[in-house]
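Inspection log for the structure reproduced underneath, given as structure tokens.
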Amino acid sequence: MRYLPNTPAQQKEMLRSIGASSLEDLLSPIPPKARLRRPLNLAAALAEGDLVRHMRALTALNADSDQYTCFLGGGAYDHYIPSPINHLISRGEFFTAYTPYQPEASQGTLRTIYEYQTMVAELTGMDVANASLYDGASSLAEAALMAHSATEGREQIAISRGVNPLYRQVVATYVEGPNLRVKEVPLGDGTTDLAALKKTVSGKTAAVIVQYPNFFGCLEDVQAAADICHEGGALMIVATDPVSLGLLTPPGALGADIVVGEGQGLGVPLSYGGPNLGVFATRTDLVRRMPGRLVGATVDRDGKRGFVLTLQTREQHIRREKATSNICTNVALCALMATIHVALLGKHGLRKVGELALAKAHYAAEALTKIPGVRLRFGAPFFKEFALQLPKSPERVVKRLAKEKILAGIPLKPFDRSLKDCLLVAVTEKRTRQEIDAFVQALSQAVV
Amino acid sequence: MRYLPNTPAQQKEMLRSIGASSLEDLLSPIPPKARLRRPLNLAAALAEGDLVRHMRALTALNADSDQYTCFLGGGAYDHYIPSPINHLISRGEFFTAYTPYQPEASQGTLRTIYEYQTMVAELTGMDVANASLYDGASSLAEAALMAHSATEGREQIAISRGVNPLYRQVVATYVEGPNLRVKEVPLGDGTTDLAALKKTVSGKTAAVIVQYPNFFGCLEDVQAAADICHEGGALMIVATDPVSLGLLTPPGALGADIVVGEGQGLGVPLSYGGPNLGVFATRTDLVRRMPGRLVGATVDRDGKRGFVLTLQTREQHIRREKATSNICTNVALCALMATIHVALLGKHGLRKVGELALAKAHYAAEALTKIPGVRLRFGAPFFKEFALQLPKSPERVVKRLAKEKILAGIPLKPFDRSLKDCLLVAVTEKRTRQEIDAFVQALSQAVV
Amino acid sequence: MSGYDKLIFELSSPGRIGYSLPAPDVPNADPKELLAAKHLRASPPELPEVSEFDVVRHYSRLSQLNYGVDTHFYPLGSCTMKYNPKLNEDMARLGGFARLHPLTPETHSQGALQLMWELARDLAEIAGMDAVSLQPAAGAQGELAGVLMIRAYHLARGERRTKVLVPDSAHGTNPASTAIAGYRVVQLKSDAEGGVDLTDLERNLDEEVAALMITVPNTLGLFEPRILEISEMCHAKGAQLYMDGANLNAILGITRPGDLGFDVCHFNLHKTFTTPHGGGGPGAGPVGVRAHLEPFLPTPVVTKTDDGYALDWNRPQSIGKLQAFWGNFGMLVRAYTYIRTMGPDGLRAVADNAILNANYLMKRLEPHYDLPHPGPCMHECVFSARRQKKLGISAMDVAKRLLDLGFYAPSTYFPLVVEEALMIEPTETESKETLDAFCDAMIQIAREAESTPQVIHDAPVTTPVRRLDQTLAARQPDLRWRPRGG
Amino acid sequence: MSGYDKLIFELSSPGRIGYSLPAPDVPNADPKELLAAKHLRASPPELPEVSEFDVVRHYSRLSQLNYGVDTHFYPLGSCTMKYNPKLNEDMARLGGFARLHPLTPETHSQGALQLMWELARDLAEIAGMDAVSLQPAAGAQGELAGVLMIRAYHLARGERRTKVLVPDSAHGTNPASTAIAGYRVVQLKSDAEGGVDLTDLERNLDEEVAALMITVPNTLGLFEPRILEISEMCHAKGAQLYMDGANLNAILGITRPGDLGFDVCHFNLHKTFTTPHGGGGPGAGPVGVRAHLEPFLPTPVVTKTDDGYALDWNRPQSIGKLQAFWGNFGMLVRAYTYIRTMGPDGLRAVADNAILNANYLMKRLEPHYDLPHPGPCMHECVFSARRQKKLGISAMDVAKRLLDLGFYAPSTYFPLVVEEALMIEPTETESKETLDAFCDAMIQIAREAESTPQVIHDAPVTTPVRRLDQTLAARQPDLRWRPRGG
Ligand SMILES: Cc1ncc(COP(=O)(O)O)c(C=O)c1O
Ligand SMILES: Cc1ncc(COP(=O)(O)O)c(C=O)c1O
């Protein structure tokens, strides 16, 4: 077997020096009656060529977003991924290393994480960012738990219904243990109803959570929400899409205490929804309550600059049940993709991406709403994503357009019955006018 | 522009320190009337995403041999390429380096070439191999020129009609200058007519050239040809397919003085016929007449083993018009692919590849010749390739099977009118019984 | 480029660009016309302005400052740093996987759903479990999911249990995950043999105990010989038995968590199933359960129906979701590729060779380092540098010296029950030749500790930086780059 | 892993395997039943027996012993070591290109043929030529093709010319290719300014001269100012003018070989058009000609017809074929991608920045090294270390010291007309910051030559090996590994 180097002769030789007559001798601690007396019931090994053939057959059943025109969003986006990223992250020295426990032999990884933390801080407008969490949703949940502890145990979380419903489900899972109460705040015309928020926030409120841009693509009045939140002495948590922050005002400038987000749009492949990149940033005074790893600059014995994992007393391997989080393995490689992506796009590129997405989304919205019976569901300003109200069942429309190799959008019924006639459409900078026009054409036929 | 780092500000600064007022100043030696006064008439620059879309559209017009079942050979073969090869050759330290003129900073490349030379010598059964030439055909031409000089200017080359006609065309081009005469030796039943060869060889003959396995897949009696060749005092040149030499007797054991071959089958992608890998090996006593680069082992100042380019007095950069060849840039990276490929397959893997190809080719030949009107054109033993005689026009058959995503083979008419009813079929170890049966099925329908 | 000391920000030059974006092909592209000023960023973020080549050279050079499995033996205990097959990477990058949107209609993601369904089925067979969720993003999240399912199970039966028992040898994520799940963690002592102390278990095992969470083989590399007894004791008290599967590599095809009496078990695909560690992640931490816990699995569950594969959201008793989508799919593709490559015999051979390598290494090093728990071990062995410590050489010193000798270091100071712990996991993909070279280095260090300790104290000297000031880093946290004067 | 000293053969262990092949799925697979014994290899070749991981780690480590453009500034004169865009690699690996068989029916390779047709058209426009063949595998083969076409042209006109004139500053492949084409090479002197010595040209230019072959800009990095005169002189005698296009990078969009009077010109796609150098190759050396030479182009020629693109084999006057198939297609895809990426303005900017970088570097180094031919230079400049030579420091010593300072070396001892030549080509993809760092190093070395020459003589000391014994290598050639005692 090509992955197993030791030859039968070597195995014998090793057994001999161990002083065992056979491998069985080494298995003595395992209770005989618990031993598996048959081979595992799995398909037989496939030769490399046959396996590749099998895998290609599987992929042929999936809609490759380069073969289909993708207007799907809802937390994962078909953004431009510059070619160098995959080449660089694939270098074995990055790819096959692990958490940099030995900093002297891991400066490559440590330096890229330090760069990543800086980039996230700049984009979100916060003081410090961690080395990554799993994804946007679990980052949001971790933020809620952090707010709970940072407010000395306040037990309510006010969360806007503009927050991605999938994220809200994850928050619900994470707050089950500490048994926090989640209060949902209704929407006005696409954005959080601030009056209702005001009513919800109280001295029991640990955190207020809004998403910016929100699940429906709309832009919340984060500052107003933050003011209400802070009056109540709670922490303001903003879930965001870092791709938008080259163009949009960073939450840090709008009163956020914790900013989380999904970093997939920063050079991470869609990959059917994972691995993603959990972005997490906060204020300096909260850093010791932060979940996840942190890299810091220091000096070596000769006074030379170097980087290490730091403030580890927050973490599970030291604090165990008192740790700020249970996370160990994070998504360092996705953070590296984002680091390289942001480096390539640089100071002005992300703004350009934002401008293109914004313009194309508005061009699409305008053209689509010219179709009889098709209208924008919400009036609030939006970024690259918007909810369309259709005269025909969104599910049927989606099916029909898929036949024309267009992934039209996300039917909202599963997320909110009251939006059962709505389709969530995302338009990234990758969509061309031609593709948008074809979409409009196809939709206009599908809804008559 | 993302590939051009210097900013306008830097350009100004640099001009200033040069003491030029503008770039024009630096162009003064160029005759004004020869200056191009307009932009080049080329398509405008394409953004990365748009370019990728364009390139994908082009590839969609080509028959990817993973989407089609490939029975094409004729000097390029659809062999198994283990996954690690592409990952390793893509490492920038290999990929973006050049000819190892500074050995101390090129030991990686030098060591792999030394390994390659050893592998080629082992496979061909010769003493020494060079670092690579362009492809099998130009290697054969270089061998003819080498034989010319090694025989103190003998002016005739006896070449079997079993040698790939495309190779024979390249030999004809290369011997034009030194104006050698090429005498073609006819075939018997698929292999060189030895009686005719005997008549052709004389004191004027510099070399006898046969291919093993030959263009029609047949196995020549190399030893017999070599005996005739050596009686005439000529050099025996054998063109071979290194992939076959895990299983077949190496030409070095059959009297060859020079062995050349196409190494594409050793892990080099088909890539529409190039770049390929020119394999070249010979006897120690001929090494100073050899074309191409050679790597040798030596020691450094501290007595540590190291590797360098050696015997360079043969080469153009030193000997200029008296060099053994004009080659400079070779195909080092393809040689590296082959090195990794042979390392992976190792002492026994290549034999297994050969056994599989041999068995599948014979299974296919047997099944195909059961089709009424379809027969083997030649009676000689063959390896992985064979010529079929068809009752219908091979061109028409090929067109028809292509519709069923089968690349049936190579019509031989363009190469030899007397074989206008023949199709050359190659079966590598990659072809499954299922694919072969489907081919037989499709062909039986196509020829009725 | 071990001399290379730059950060990407330090390569920045105003006006330089590294991206390629098309010109707008739609009208009114001016943001100011589309959004109110308050939504528009006032000043650009302080990000680098570099060329594509700057980026390629910078990160190529940075990579060279790392040790990785591809270049170095990496015996980091408990992490199973085995070879990551390149084929897995090719498969994960196929367009139909890498460019598949998670909310693509099920009709157009059947290949991905089939792969997930088959992988879950195979993992269930490997662990002797009845159902598997692929959603957890890593082992720790698998633990959280597992404990939450146990919690839901008890609650569904009207029981409010409050405690979870965890041995002192457990990995930190075990107590941490348990705490997040709302349980009080009770730490169990390990006995002299490194196993669970049965009397201590007895003492703590009451109706308040929701579960016992143990690692098999445990973090000492030992198989708990009384596991069946323990399982009976727990189940007798209505407690659930959770297996941390981080060390599953050792028992593939030999025995199965389900057959050992476990009710829940998580997998670390980035350990046992060769998905790359990526400098810290991503991984994947599927969780398997026995039938009685199946109703509580995270949503959605991949199911096979007459008209193909589907995501089942209708799971009223589910603990809910752990991440936004279905799991770290890219890692699942790699693990699936690996399982298909190895087959049943191959996987069994993996365990056999992992065990053989660890015992061989243990045998060679036993004369030179203290071995608190004599073998046979399973996939890894834990030595103590306490003998060297008396000479002033700590486990950390040994680790640093190894870096100079061309090896990454074992895990150190874990598990906590062993002082000056050196936790060595060779994995089955390393050859005897490599193990011998590593043992020679370890033995050399043991000798140096007696003869020339200073070379150890000075180590490392061949790395890009020498020992780093951890205290300074923690006292004056410098967690982000700032422009000079910024 | 600079300490790593193994060859793959030295990792071999009998019985270890690194491949994965299916079991035979067809009957009688026994070779002995299918072939006579004499055709079957008696004993297996002495090849390594290693695991896939052995291979991955071995070649990953070997790669780290190299300097490459991705990791180091690589100012190797005449080789245009510019950045090789990663996008080119992705495009060349698309299945429809990488897995396309050369003898696929034209109906099923239209995308490849279109790409070749468009690339040939674009190269013709760039060089001001009428037709281009993409077949030559590298520059040297392009030269051979070009000279053979000139030969065929003269013969077709009933002229048997016997000589080709080549300046003494020419690259070795020029005379070598010319000789293979059957011509006597007459070497022309360079004049004091480094250009062609017109009187020497006059003297040698007679009806026996088939062609004058020159490089523009020449190997001194200088543009031949009297090129139009030279062209007139040659054509007046019926001689053809050949341009070695290795340095085309310097004149992209500024002037064109065709407009300068050249009849033939080859391109080095691995220089001007960013295809990677791969440690020595592969490259691609398309050759362009004026209309009167078009009939002699190598076969086949890619043509555009009403029903698509085709290979035209019916070229009675063709010089024939140079390699088995159509050219180094993989390199053509990369060059095509690059041209499409840059567009006309981008390519012009390439030349401008290449010239700017070279002149800036020349200016900074001029005070410290002798500059035999004062500027302005084009894309590269050639210094002489003769001043340092007087201090015992040769061009080679300077090169070795540069390796220690983190740079690859310039070309040395070429062109032959400059003693102790240091030929420096920065290319346009390097930033001013990099040029400054390199110049600082060169200046430091000039100072060391005066103050501390020993550090230069000792160099390199940071590389995996120190200076190697070339004489030993040539005297006792050791060109292949042999098993111990073998
Ligand atoms: C024994 C053990 N349990 C749990 C974990 C946590 O797994 P993960 O890092 O995938 O979250 C690890 C890995 O670090 C481990 O070694
Ligand atoms: C000036 C010059 N001419 C010709 C050549 C030969 O080109 P190639 O190496 O592609 O055969 C080179 C490159 O080495 C060169 O620099």
Next item on the list: Tell me, for D/Leu148 versus chain B, whether the close heavy atoms (under 4.5 Å) come from the side chain, the backbone, both or neither.
Entry: side chain
Margin query: Taking D/Asn353's backbone N and O only, do any of them form a donor-acceptor pair with B/Asn6's side chain (distance below 3.5 Å, no angle check)?
Written below: no
Check: Does D/Asn66 use its side chain to pair, donor to acceptor, with the backbone of B/Thr109 at less than 3.5 Å?
Finding: yes
Checklist line | Which atoms of B/Leu15 approach chain D - backbone, side chain, both or neither, heavy atom under 4.5 Å | finding: both
Check: Run the side chain to side chain contact (heavy atoms under 4.5 Å, CB included) check on D/Glu428 and B/Leu4 step by step: do they pass?
Finding: CA-CA 6 Å; D/Glu428 75 285 356; B/Leu4 301 174; 3.4 Å; yes
Next item on the list: Heavy-atom pairs under 4.5 Å with chain D are the metric here; pick the option from B/Leu336, B/Leu88, B/Leu72 that has the most.
Entry: B/Leu72
Notebook entry, point to check: If only atom types and distance count, is the side chain of D/Thr463 paired as donor or acceptor with the main-chain N or O of B/Ala105 below 3.5 Å?
Noted result: no
Margin query: Which heavy atom of D/Leu468 sits nearest to which heavy atom of B/Pro103, and what is that distance?
Written below: CD1-CB, 3.6 Å
Notebook entry, point to check: Under a 4.5 Å heavy-atom cut-off, does chain D meet the side chain of B/Leu219, its backbone, both or neither?
Noted result: both
Next item on the list: Please name the pair of heavy atoms, one in D/Ala179 and one in B/Glu321, separated by the smallest distance, quoted to 0.1 Å.
Entry: CB-O, 3.5 Å
Margin query: So for B/Tyr80, is it side chain, backbone, both, or neither that comes closer than 4.5 Å to the heavy atoms of chain D?
Written below: side chain
Notebook entry, point to check: Measuring heavy-atom distances to chain D, does B/Asp302 have an atom under 4.5 Å in its side chain, in its backbone, in both, or in neither?
Noted result: side chain
Check: Looking at D/Asp70 and B/Arg91, does any basic side-chain N land under 4.0 Å from a carboxylate oxygen?
Finding: no
Next item on the list: For each of B/Asn179, B/Leu247, B/Leu350, B/Val52, tally heavy-atom pairs with chain D at distances under 4.5 Å, and name the one with the top tally.
Entry: B/Leu247
Next item on the list: Take D/Ile251 and B/Leu36 through the side chain to side chain contact (heavy atoms under 4.5 Å, CB included) test and state the conclusion after the steps.
Entry: CA-CA 10 Å; D/Ile251 59 173; B/Leu36 185 69; over 6 Å; no
Check: Among B/Ser271, B/Ala137, B/Gly92, which residue forms the greatest number of heavy-atom pairs with chain D at distances under 4.5 Å?
Finding: B/Ser271
Item checked: D/Glu143: partners by side chain to side chain donor-acceptor pair (under 3.5 Å), with sequence neighbours left out -> D/Thr173, D/Asn174, D/Ser177
Check: Among B/Ala63, B/Pro381, B/Pro100, which residue forms the greatest number of heavy-atom pairs with chain D at distances under 4.5 Å?
Finding: B/Ala63
Checklist line | Test applied, side chain to side chain donor-acceptor pair (under 3.5 Å); reference residue, D/Arg480; option that passes from B/Glu115, B/Glu122, B/Gln117 | finding: B/Glu122
Notebook entry, point to check: Counting N and O atoms only, with roles assigned by atom type, does the side chain of B/Arg305 sit under 3.5 Å from a partner on the main chain of D/Asp5, one being a donor and the other an acceptor?
Noted result: yes
Next item on the list: For B/Thr249 and D/Lys38, indicate whether the former's side chain and the latter's backbone hold a donor-acceptor pair under 3.5 Å.
Entry: yes
Next item on the list: With a 4.5 Å cut-off on heavy-atom pairs, point out which of B/Arg56, B/His317, B/Met119 contacts chain D the most.
Entry: B/Met119
Check: Is there a salt bridge (charged side-chain N to carboxylate O under 4.0 Å, His left out) between B/Lys360 and D/Asp25 once you walk through the steps?
Finding: CA-CA 8 Å; B/Lys360 287 167 189 245; D/Asp25 56 359; 3.1 Å; yes
Item checked: Pair D/Tyr19-B/Lys352, side chain to side chain contact (heavy atoms under 4.5 Å, CB included): steps then yes or no -> CA-CA 10 Å; D/Tyr19 60 87; B/Lys352 287 213 159 49; 3.7 Å; yes
Notebook entry, point to check: Considering only heavy atoms, which portion of D/Pro105 lies under 4.5 Å from any heavy atom of chain B: side chain, backbone, both, or neither?
Noted result: side chain
Note to self: Using heavy-atom distances under 4.5 Å, tell me whether B/Tyr101 contacts chain D through its side chain, its backbone, both, or neither.
What the structure shows: both
Margin query: Is the ring pair B/Tyr272/D/Phe329 parallel, tilted or perpendicular, if the boundaries are 30 and 60 degrees?
Written below: perpendicular
Next item on the list: Counting only heavy atoms closer than 4.5 Å, note whether D/Ile254 contacts chain B via side chain, backbone, both or neither.
Entry: both
Margin query: Between B/Thr118 and D/Trp481 (side chain of the first, backbone of the second, donor and acceptor by atom type, cut-off under 3.5 Å), is there such a pair?
Written below: yes
Margin query: Taking B/Ala76's backbone N and O only, do any of them form a donor-acceptor pair with D/His101's side chain (distance below 3.5 Å, no angle check)?
Written below: yes
Next item on the list: Measure D/Leu40 against the heavy atoms of chain B and call it side chain, backbone, both or neither at under 4.5 Å.
Entry: both
Check: Ignoring hydrogens and geometry, is there a side-chain-to-backbone donor-acceptor pair from D/Tyr360 to B/Ser17 under 3.5 Å?
Finding: no
Next item on the list: Report yes or no: does B/Thr298 contribute a side-chain atom to a donor-acceptor pair with the main-chain N or O of D/Asp469 at less than 3.5 Å?
Entry: yes
Check: Would D/Arg340 and B/Met55 count as a side chain to side chain contact (heavy atoms under 4.5 Å, CB included) if you check the C-alpha gap in whole Å, the side-chain angles of each, and the deciding distance to 0.1 Å?
Finding: CA-CA 10 Å; D/Arg340 278 275 190 280; B/Met55 297 299 274; over 6 Å; no
Item checked: Pairing residues for D/Glu125 by the salt bridge (Lys or Arg N to Asp or Glu O under 4.0 Å) criterion, not counting sequence neighbours -> B/Arg38, D/Arg256
Notebook entry, point to check: Of the options B/Val299, B/Val308, B/Asp300, which is the one that meets D/Val465 in a side chain to side chain contact (heavy atoms under 4.5 Å, CB included)?
Noted result: B/Asp300
Check: Between B/Asn326 and D/Ala176, is there a donor-acceptor pair closer than 3.5 Å when you use the side chain of the first and the backbone of the second?
Finding: no
Margin query: The test is side chain to side chain donor-acceptor pair (under 3.5 Å); show your working for D/Lys432 and B/Gln11 and say whether it passes.
Written below: CA-CA 9 Å; D/Lys432 176 177 180 298; B/Gln11 291 168 353; over 6 Å; no
Check: What option among B/Gly296, B/Ser325, B/Gly19, B/Ala297 has the most heavy-atom pairs under 4.5 Å with chain D?
Finding: B/Ala297
